[in-house]
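Both counts, for ligands and for their atoms, begin at 1 and track the order of listing. When a residue number appears, it is its place in the shown sequence, counting from 1. Owing to the predicted nature of the structure, the values given are computational and were not obtained by experimental measurement.
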Amino acid sequence: MDAAQKRVFVRVDFNVPMEEKDGKMVINDSTRIKETLPTLRLLISRGAKIILAAHLGRPKGKREPSMSLQPVATLLAQMLGRPVAFVDDCIGEKVAAAVAALKAGDVLLLENVRYYNQEEANDPAFAEKLAAVADVYVNDAFGAAHRAHASTEGVARVIARRGGQCAAGLLMERELQFLGKELESPARPFVVILGGAKVSDKIKVIDRLLEKADAILIGGAMVYTFELALGHKVGKSLSEPDKKDVALAALAKAKARSIKFMLPSDDVLATAVATGKLNKKGKPVMEFQNVRPHACGDIPDNEAGYDIGPETARRYGEIIRNAKTILWNGPMGMFEDKRFAAGTLAVAQAVADATARNGAKSIIGGGDSVKALNQAGLADKVTFMSTGGGASLEFLEGQVLPGVAALTDKL
Ligand code: ADP
Ligand code: MG
């Protein structure tokens with residue numbers, strides 16, 4: 001892409017967690033900003049005039065002051081070591097004036113695109129207004145690429161129609177490489193670890209990976225839908241009784257293809273007791289009593305499974321340590337509670353070991369899986385961690401992401 005002196009509209013993922021402190025919004029975690037720096041530095045070095053667009057939270061079409069991107073502009077300027085201009089709108093005359101003032105290598109951040117309902121509606125007229133100030137388009141917001149919104153898809157189409165180039169940013173490029181190309185012809189054994197809350201969330205991924213993987217290791221609450229399907233009692237474990245057929249179909253497909261499809265042989269049970277208190281989100285706070293290891297099979301009516309057990313962790317660990325390619329999506333248990341984090345930690349350690357000692361490529365997708373790896377302090381011991389929660393799942397399902405489809409040029 002020829003970016004010199006060009007007005008480059010860059011869609012970034014600046015949807016950072018914020019918190020109010022002394023009447024001011026402060027950024028709790030700047031990872032997402034940091035991850036866009038390589039793309040921004042490259043564009044700066046090429047003398048582009050950079051116009052950054054992003055969303056923050058869910059203001060639902062209103063100018064919600066707590067969801068302003070202004071604090072991001074301040075922090076980004078510090079991180080880049082150069083000024084970042086900010087304009088408190090994303091379309092209109094103010095934006096046009098701010099863009100007209102840009103010189104080669106300058107950076108301008110627009111206000112939250114979701115202050116307008118037309119953003120999520122992918123309104124063509126709104127996309128035209130966004131595109132009015134730009135010559136070319138770069139999308140580095142993988143986490144938003146599964147949504148066809150005006151700033152992720154509409155603008156690209158307007159610019160492409162005018163003959164302008166549209167390219168993936170460096171971060172987006174890496175996501176597409178690791179979640180896409182690397183998994184097309186993986187070095188073997190290719191081991192997939194799937195966990196998390198629901199079979200229904202991941203069934204399309206399971207189905208697709210059954211065609212590529214050598215082994216699939218199942219953990220998390222989704223275990224209990226498989227257990228139900230196999231005729232076991234699961235007590236109060238999180239499960240989806242209406243997805244039993246889906247679980248059985250996956251087991252049958254694995255058998256037909258001679259893929260090692262593993263379910264836990266032991267787990268960790270507890271009895272959840274309501275404390276009568278509510279958390280910040282208004283949900284009842286539970287207390288977990290009588291935490292105990294258990295060999296898989298029937299679970300008593302008043303208990304539930306919250307983690308894989310030590311024997312399963314060891315068996316899974318052995319397979320993982322021999323892998324050459326690893327894809328991990330979904331924690332092995334309710335890792336947010338220390339007592340149910342051991343399975344996830346053991347798997348994280350095995351993934352790190354395989355990467356360091358066996359030369360495995362390890363790829364982590366899913367918001368909570370990334371959180372778990374950070375919690376384990378092993379984030380820099382894996383090959384790649386995806387920045388897109390929902391987007392990485394949809395991409396792994398084999399879907400064409402609308403925000404990616406439009407990017408036909410190279411940066
Ligand atoms: P990801 O974001 O990595 O795709 P998911 O969102 O599918 O993962 O699942 C993560 C959530 O699943 C976590 O909040 C975790 O507490 C929960 N979870 C995992 N195992 C269990 C279990 N056995 N019982 C209840 N919740 C579980
Ligand atoms: Mg999640």
Side-chain angles (χ1 to χ4, degrees), residues 15 17 142-143 146 175 179 192-206 208-209 216-228 232 234-241 243 247 263-272 279-281 283-288 291-294 296 299 302-309 312-313 316 326-348 351 362-376 378-379 382 384-397:
N15 190 22
F142 181 72
H146 56 319
E175 295 275 357
L179 297 177
V192 175
I193 311 155
L194 284 175
K198 291 179 179 170
V199 168
S200 54
D201 283 348
K202 314 252 159 117
I203 188 58
K204 285 197 201 133
V205 175
I206 299 178
R208 183 151 180 269
L209 292 169
I216 297 188
L217 316 178
I218 301 288
M222 74 161 83
V223 165
Y224 299 104
T225 302
F226 283 95
E227 286 288 304
L228 267 186
H232 292 140
V234 299
K236 290 202 161 51
S237 306
L238 190 60
S239 65
E240 297 168 282
K243 292 291 177 296
L263 292 168
S265 51
D266 61 343
D267 51 5
V268 179
L269 302 187
T271 310
N279 70 10
K280 275 191 212 157
K281 289 180 183 161
K283 289 207 178 130
V285 176
M286 308 299 280
E287 188 183 283
F288 298 95
V291 177
R292 65 180 180 100
H294 161 259
C296 283
I299 296 175
N302 62 335
E303 291 180 273
Y306 294 105
D307 193 11
I308 59 171
T312 305
Y316 284 11
I326 299 165
L327 174 67
W328 181 12
N329 178 285
M332 296 290 98
M334 213 170 67
F335 71 98
E336 296 91 342
D337 185 316
K338 260 206 320 272
R339 292 167 296 175
F340 310 121
T344 301
L345 285 178
V347 163
V351 172
S362 50
I363 298 163
I364 320 297
D368 292 292
S369 315
V370 167
K371 232 183 266 170
L373 219 70
N374 280 322
Q375 188 174 306
L378 295 170
V382 298
F384 181 71
M385 286 207 301
S386 176
T387 55
S392 56
L393 212 56
E394 286 191 26
F395 192 62
L396 288 171
E397 285 171 2

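In summary, the atoms of ligand 1 found under 4.0 Å from a heavy atom of G220, numbered by their order in the structure, are 20 (N), 23 (N). Close approach of ligand 1 to Y306 is summarised as follows: ligand atoms under 4.0 Å from at least one heavy atom of the residue are 23 (N), 24 (N). Each of the following atoms of ligand 1 lies closer than 4.0 Å to a heavy atom of P331: 3 (O), 8 (O), 10 (C). Taking a cut-off of under 4.0 Å to the non-hydrogen atoms of G330, the atoms of ligand 1 that pass are 3 (O), 8 (O).
Protein heavy atom nearest atom 13 (C) of ligand 1, with residue, atom name and distance: E336 OE2, 3.2 Å. For atom 23 (N) of ligand 1, the nearest protein heavy atom (residue, atom name, distance) is G305 O, 3.0 Å. In this structure, atom 3 (O) of ligand 1 lies nearest to the protein heavy atom S369 OG, 2.5 Å. Regarding atom 22 (C) of ligand 1, its nearest protein heavy-atom neighbour is A221 CB, 3.5 Å. Atom 1 (P) of ligand 1 has D368 N, 3.7 Å as its closest protein atom, hydrogens excluded (heavy atom only). In this structure, the protein non-hydrogen atom closest to atom 4 (O) of ligand 1 is K202 NZ, 3.1 Å. Nearest protein neighbour of atom 12 (O) of ligand 1, counting heavy atoms only, is A197 N, 3.5 Å.
Contact of the F340 side chain with the V291 side chain is registered, since non-hydrogen atoms from C-beta on lie closer than 4.5 Å. Annotation: side chain of N329 is not in contact with side chain of V205 (no heavy-atom distance under 4.5 Å). Taking the side chain as every heavy atom from C-beta outward, L228 and P241 approach each other to under 4.5 Å.
I308 and V268 make their closest contact through O-CG2, 3.7 Å (heavy atoms, listed as atom of the first residue, atom of the second, distance). S237 and G305 get closest at one heavy-atom pair: OG-N, 2.9 Å. Of all heavy-atom pairs between L345 and A376, the closest is CD2-CB, 3.3 Å.
Exactly one of V192, I193, I363 qualifies for a side-chain contact (heavy atoms from CB on, under 4.5 Å) with I326. That residue is I193.
Neither the backbone nor the side chain of V370 has any atom closer than 4.0 Å to an atom of ligand 1 (non-hydrogen atoms only).
No other N/O/S atom of D368 lies as close to the Mg ion (ligand 2) as OD2 does.
Rounded to the nearest 0.5 Å, atoms CG (D201) and CD (E240) are 7.0 Å apart.
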Self-check item: Worked check of side-chain contact (heavy atoms from CB on, under 4.5 Å) between I299 and E227
Solution: CA-CA 10 Å; I299 296 175; E227 286 288 304; over 6 Å; no

